[in-house]
Amino acid sequence: MAENNDSNGKPLKVIGKPFRKVDARAKCTGQTRFADDITLPRMLFAKLLRSPMPHALIKSIDCSGALNLPGVIAVITGKDLPISYGILPVSQDEHALCIDKVRFVGDPVAAIAAIDEDTAFEAMDLIKVEYERLASISSIPQALATNEPRIHDYGEGGNIHKKVSLEFGDMDEGFNEADLIREDVFFYEGNTHLPMEQHAALAHFDPDGKLALWSSTQTPHYVHRALARVLEIPASHIRVIATPNGGGFGGKSDPFNHEVAIAKLAMITGRPVKITLTREEVFYCHRGRHPVLMWVKTGAKRDGSITAMHFRSYLDGGAYGSYGVASTFYTGALQTVTYDVPRYKFEGVRCFTNKPPCGPKRGHGTPQPRFAVEVQIDKLAEQLGIDPVEMRRRHLAPANSLTANYLRIGSMGLGKCIDKVVEGSEWANKHRKLPYGRGIGIACSSYICGAGLPIYWNSMPHSGVQLRLDRQGGVCVMCGSIDIGQGSDSILAYIVAEVLGIDPFDIRVITADTDLTPVDLGSYSSRVTLMTGNAALQAAERARELLTIAVSEKLGVPLESISFADRRAFNVEEPETGVSFAEAVQLAESKFGTIGTVGSYTPPPSAAKYKGAGVGPSPAYSYSAAVAEVDVEPDTGIVKVGRVWIAHDIGQSINPALVMGQVEGSVYMGLGEALMEEMAYRGNRNVVHKFPSLLEYKSPTTMEMCDVKTYLIEDQDPNGPFGAKEVGQGPLLPVPPAIANAVYDAVGVRIDEVPITPDKVLAAIRAKRQGKEGRYGPKSVPEVIWPAPIRVATPAEGGDGRSLPREAVHARD
């Protein structure tokens, strides 16, 4: 038996001959076991032991049984990874393995590396954990009412993670101007991403102390940061390669505990370690749609124009912070960029509960409030006697304007979107005219084209691209962005090829490798086409400038006469006079040396300067309008969506086939959220997930998918590459409220929560038949002591984007 000491001076027992010396930098306080037989497979496989308790203190962990199992190489616990991490700097509340407390069923407490997955799985049963159970919290009202025990020791007190209160303009004046004021309560159930590919990762630690991690992640840059922080090794010694994702939808945007755990196991064993999560474990990772309770008060004049809106959101955040602070702001940020809302107040609260943590899912934080606003718009229109199409079309937020909360709108093609879906669906012949059981509904939406600020605030670019041109005419594009199925790799090729006049197939794209590619912040917030695209455009234009100078000298013509197309550089006055693209590169290399260029992109500064203004600003906003036609069976409550007409303001389609695929994928996901998907838990039975599997978690199949008629509206935005805007997330938003409004048109009942399941529809129909209100949904919201609002004068009031001084606030009160 040999003995090494770790960096803390504690003995690290090693049995047999290790494959390589244990590096002291591994800092392992757990136990490591090496096999005697060096012919065993070199790759190790990891599993995580997860808590069966929703909320408990960890009293002790006994790993001896697992360590004595043949084939087990290493076991680590939370004491081996004591440093916390998190995606947001304000919520560094996660540990790769729980140290002293578990916060939901599925929270990991130990990690095992073994010669195969079956052995690692068997070893999990041999680890003995003693828990001291704590009271669990399973709902928003319970979290607000429970001060002890606290799930976390930080936040706004008790089990409240974050409170927000923002007010733009004189709300009393706005509501006094209104001819009609409505107050409504809505609920949007949480749901998960359901990518076809589960989370998987592989780590390798080199003899020279360099760590490499291959992972199915949307944010290699932020995983890289988290590894450096938790493992306490220089960032320059870490390489993260994001593998092409088999679907992400926001669910792979966080740094995850399995990534950190296998990196640690690779460091202490000196062997590659791989982990693939089961589908059940993916449900535990979650980070999906927040369940959100919403209260909306809106004032409108007789013509349908909005005079003021007061919006409150109550978020069930699950057990950890994740993106939750940003999610809270997003539930209130974008209400003003769709319709003209001259005065606006937002109050939001996020609570901790003993459920898997919520985070960003397609449309991050905005489908929930969009559902509430669009259904309430329909209710207002009916009370005012206005067609819901006209109420929307007459009062759109103006293009090239500044909203009440200082979001800068550029191009705005929503009016054309509405016109397309109204014409295509034959709205005028169907609305309120179809037989009982059939109905049609409309809804609109908007979404960001990337966040205006990075997660870690700094003045550096959000995306960078490097180009390398070789003498044979090939071009290599390198960028840190990751393709998660949205086609971002091809966008890089298309943009560069367009500028240099070559075929996209002449371009090699290398992405998402922190050793090889410049930083891109990740595939989230629909940012890649606009931000990475602009960086690629800049790099390509710089390369073209060098080629143009060299070719101009060769041909003896002015610079402005040189053009690039069909793999040639030529004189536009005499197109037959020119050189091949490869020759152009050779000429440029002879003149300038090796040809390589860089491009980067930083969003324009925001007009908003108040505290809390970091969420919402974007270089551009996309817009969508959808009409849904449904059949409702009054005797069963079953809702079938026959067709959706959807129009999306894309700015400029760089690849129309990809764009339409994204739109129709959003319709599919919106259909599932509207009718069936929910992250449901057994609150009275240990807060266990009801159905963490593809078999029981209901999502649409091809049998439930509706027909889709897609219209692309090209209203070019000056901030996008060639005028392009986002398409990956925005088209989901109008689908659930359009379906809810169509159900009302079909059977005259309001379902003010999603999913719109048959039991809810049937309950509302029966209530209406009994002379009661034909509605299903929440009736009230819990009491919250809101903080004093940050008040900001609107642009129309002469504001400058900064919060009002206290004296001005008191004077207004």
Side-chain angles (χ1 to χ4, degrees), residues 186 188 296 298 300 304-306 309 311 333-341 344 362-363 366-382 384 386-399 401 403 407 409-425 427 431 440-449 526 618 620-629 644-651 663 666-667 670-671 673-674 708-713 715 725-727 729-742 744-745 754:
F186 302 90
Y188 201 108
V296 195
T298 302
S305 58
I306 295 172
M309 180 183 290
F311 194 97
L334 301 189
Q335 278 81 321
T336 59
V337 298
T338 311
Y339 310 111
D340 186 14
V341 181
Y344 179 60
R362 201 172 196 169
T366 61
Q368 302 98 319
R370 183 51 48 191
F371 175 80
V373 168
E374 291 298 316
V375 173
Q376 190 183 63
I377 290 286
D378 254 42
K379 294 180 180 183
L380 285 165
E382 184 174 47
L384 292 167
I386 303 173
D387 185 293
V389 167
E390 290 307 311
M391 176 142 180
R392 290 170 168 86
R393 187 158 43 193
R394 290 178 193 169
H395 306 293
L396 299 177
S401 65
T403 68
L407 304 184
I409 300 173
S411 65
M412 208 282 191
L414 183 53
K416 295 177 183 177
C417 291
I418 293 173
D419 292 343
K420 278 292 186 182
V421 297
V422 167
E423 179 185 0
S425 65
W427 174 271
H431 184 244
I440 194 168
I442 189 170
C444 301
S445 69
S446 54
Y447 196 62
I448 60 174
C449 298
S526 276
S618 179
Y621 298 91
S622 71
Y623 293 90
S624 304
V627 168
E629 188 169 344
V644 168
W645 293 263
I646 186 163
H648 182 70
D649 169 20
I650 182 63
V663 172
S666 290
V667 171
L671 185 71
E673 294 193 15
V708 181
K709 177 63 177 176
T710 303
Y711 306 94
L712 302 183
I713 305 302
D715 185 5
K725 298 197 284 190
E726 77 86 32
V727 69
Q729 304 189 54
L732 180 150
L733 274 61
V735 176
I739 292 172
N741 290 334
Y744 180 74
D745 188 46
V754 294

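In what follows, residues are counted from 1 in the order of the sequence shown.
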Enquirer: Check whether any side-chain heavy atom of Val754 sits under 4.5 Å from a side-chain heavy atom of Phe371, and report yes or no.
Expert: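 A side-chain contact exists here, since the closest heavy-atom pair is under 4.5 Å.
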Enquirer: Show the nearest heavy-atom pair for residues Leu407 and Ala333, with the distance to one decimal.
Expert: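 In terms of heavy atoms, the two residues are closest at CD1-O, 3.4 Å.
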Enquirer: Within the 4.5 Å heavy-atom criterion, are His648 and Ser622 side-chain neighbours or not?
Expert: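 A side-chain contact under 4.5 Å exists here.
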Enquirer: Do the side chain of Arg392 and the main chain of Glu374 share a donor and acceptor less than 3.5 angstrom apart?
Expert: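 Pair found, side chain donor or acceptor close to backbone of Glu374.
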Enquirer: For Ser445 and Pro734, work out which heavy atoms get closest and say how close.
Expert: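 Residues Ser445 and Pro734, closest heavy atoms: OG-CD, 3.2 Å.
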Enquirer: Find the distance between CG (Leu414) and OG1 (Thr338) and round it off to the nearest 0.5 Å.
Expert: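 Those atoms lie 7.0 Å apart.
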Enquirer: Rounded at 0.5 Å granularity, tell me how far CG in Leu671 sits from CD1 in Ile739.
Expert: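 Output value for this atom pair is 5.0 Å.
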Enquirer: Quick one: side chain to side chain donor-acceptor pair (under 3.5 Å) partners of Ser618, sequence neighbours excluded?
Expert: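 For Ser618 there are no side chain to side chain donor-acceptor pair (under 3.5 Å) partners, ignoring immediate neighbours.
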Enquirer: If I take atom OH from residue Tyr447 and atom CD from residue Glu726, how far apart are they, to the nearest 0.5 angstrom?
Expert: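 Nearest 0.5 Å value for the OH-CD distance: 7.5 Å.
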Enquirer: Is a side-chain N or O of Asp745 found less than 3.5 angstrom from the main chain of Ile440, in a donor-acceptor match?
Expert: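 It does hold such a pair.
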Enquirer: Test of understanding: with ring pair (Phe, Tyr, Trp, His ring centres under 6.0 Å), list the residues that count as partners of His431, not counting sequence neighbours.
Expert: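 His431: ring pair (Phe, Tyr, Trp, His ring centres under 6.0 Å) contacts with Trp427.
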Enquirer: Using side-chain heavy atoms (C-beta onward) and a distance below 4.5 Å, is Trp645 in contact with Glu629?
Expert: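 The answer is yes; the side chains approach within 4.5 Å.
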Enquirer: Between Lys379 and Glu382 (salt bridge meaning N to carboxylate O under 4.0 Å), is one present in this structure?
Expert: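 No salt bridge links Lys379 with Glu382.
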Enquirer: Look only at the side chain of Asp340 and the backbone of His395, and say whether a donor-acceptor pair between them is shorter than 3.5 Å.
Expert: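 No, Asp340 side chain to His395 backbone: no donor-acceptor pair under 3.5 Å.
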Enquirer: How many angstroms lie between CD in Gln729 and CD1 in Ile448, if you round to the nearest 0.5 Å?
Expert: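 Gln729 atom CD to Ile448 atom CD1 measures 7.5 Å (nearest 0.5 Å).
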Enquirer: Do the side chains of Arg362 and Ser526 get nearer than 4.5 Å, heavy atoms only?
Expert: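 No, side chains not in contact.
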Enquirer: List the steps and the verdict of side-chain contact (heavy atoms from CB on, under 4.5 Å) for Cys444 and Ile418.
Expert: CA-CA 8 Å; Cys444 301; Ile418 293 173; 3.8 Å; yes
Enquirer: Check Ala738 against Ala443 and note the closest heavy-atom contact, atom names and distance.
Expert: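 Here Ala738 and Ala443 meet closest at N-CB, 3.6 Å.
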Enquirer: What I'd like to find out is whether the side chain of Val727 reaches to under 4.5 Å of the side chain of Val663, using heavy atoms alone.
Expert: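 Val727 reaches Val663 side chain to side chain.
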Enquirer: What closest approach, in Å, do Pro388 and Asp378 show between heavy atoms, and which atom pair accounts for it?
Expert: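 Pro388 and Asp378 have their closest heavy atoms at CB-OD1, 3.4 Å.
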Enquirer: Counting only heavy atoms from other residues, nucleotides and ligands, does the tally under 6.0 Å from CD of Glu390 exceed 12?
Expert: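 Atom CD in Glu390 is crowded, with more than 12 foreign heavy atoms closer than 6.0 Å.
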Enquirer: Indicate yes or no: at least one non-hydrogen side-chain atom of Ile713 is less than 4.5 angstrom from one of Tyr623.
Expert: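 Not in contact.
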Enquirer: To the closest 0.5 Å, what do you measure between CD1 (Ile306) and CD1 (Ile377)?
Expert: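 CD1 of Ile377 is found 4.0 Å from CD1 of Ile306.
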Enquirer: Is Leu334 close to Tyr621 at the side-chain level, that is, under 4.5 Å between some pair of heavy atoms?
Expert: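 The answer is yes, as the side chains (C-beta and beyond) meet within the 4.5 Å cut-off.
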Enquirer: Short question: side chain of Gln376, backbone of Val296 - any donor-acceptor pair under 3.5 Å?
Expert: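 It does hold such a pair.
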Enquirer: Would you say the side chain of Pro736 lies within less than 4.5 Å of the side chain of Arg370, judging by non-hydrogen atoms?
Expert: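 When only atoms from C-beta onward are counted, Pro736 and Arg370 do not touch, as no gap falls below 4.5 Å.
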Enquirer: So which heavy atom on Ala647 is nearest to which on Val421, and how close?
Expert: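 Nearest pair, atom of Ala647 first, then Val421: N-CG1, 3.5 Å.
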Enquirer: Please report the closest heavy-atom contact between Gly363 and Pro367, naming both atoms and the distance.
Expert: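 Reported closest heavy-atom pair: O-CD, 3.0 Å.
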Enquirer: Applying side-chain contact (heavy atoms from CB on, under 4.5 Å) to Arg393 and Asp419, what does each step give before you reach the verdict?
Expert: CA-CA 9 Å; Arg393 187 158 43 193; Asp419 292 343; 2.5 Å; yes
Enquirer: Take Val373 and Phe311 through the test side-chain contact (heavy atoms from CB on, under 4.5 Å) and record every step on the way to the result.
Expert: CA-CA 9 Å; Val373 168; Phe311 194 97; 4.1 Å; yes
Enquirer: I need the single residue from Thr336, Val337, Leu396 that forms a side chain to side chain contact (heavy atoms under 4.5 Å, CB included) with Ile409. Which is it?
Expert: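 Of the listed residues Thr336, Val337, Leu396, the side chain to side chain contact (heavy atoms under 4.5 Å, CB included) partner of Ile409 is Val337.
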Enquirer: Does Ser411 have any side chain to side chain donor-acceptor pair (under 3.5 Å) partners at least two apart in sequence or in another chain, and if so, which?
Expert: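 Ser411: side chain to side chain donor-acceptor pair (under 3.5 Å) contacts with Asp717, Lys725.
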Enquirer: When rounded to the nearest 0.5 angstrom, what is the spacing between OG1 in Thr403 and OH in Tyr339?
Expert: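 Answer rounded to 0.5 Å: 15.5 Å.
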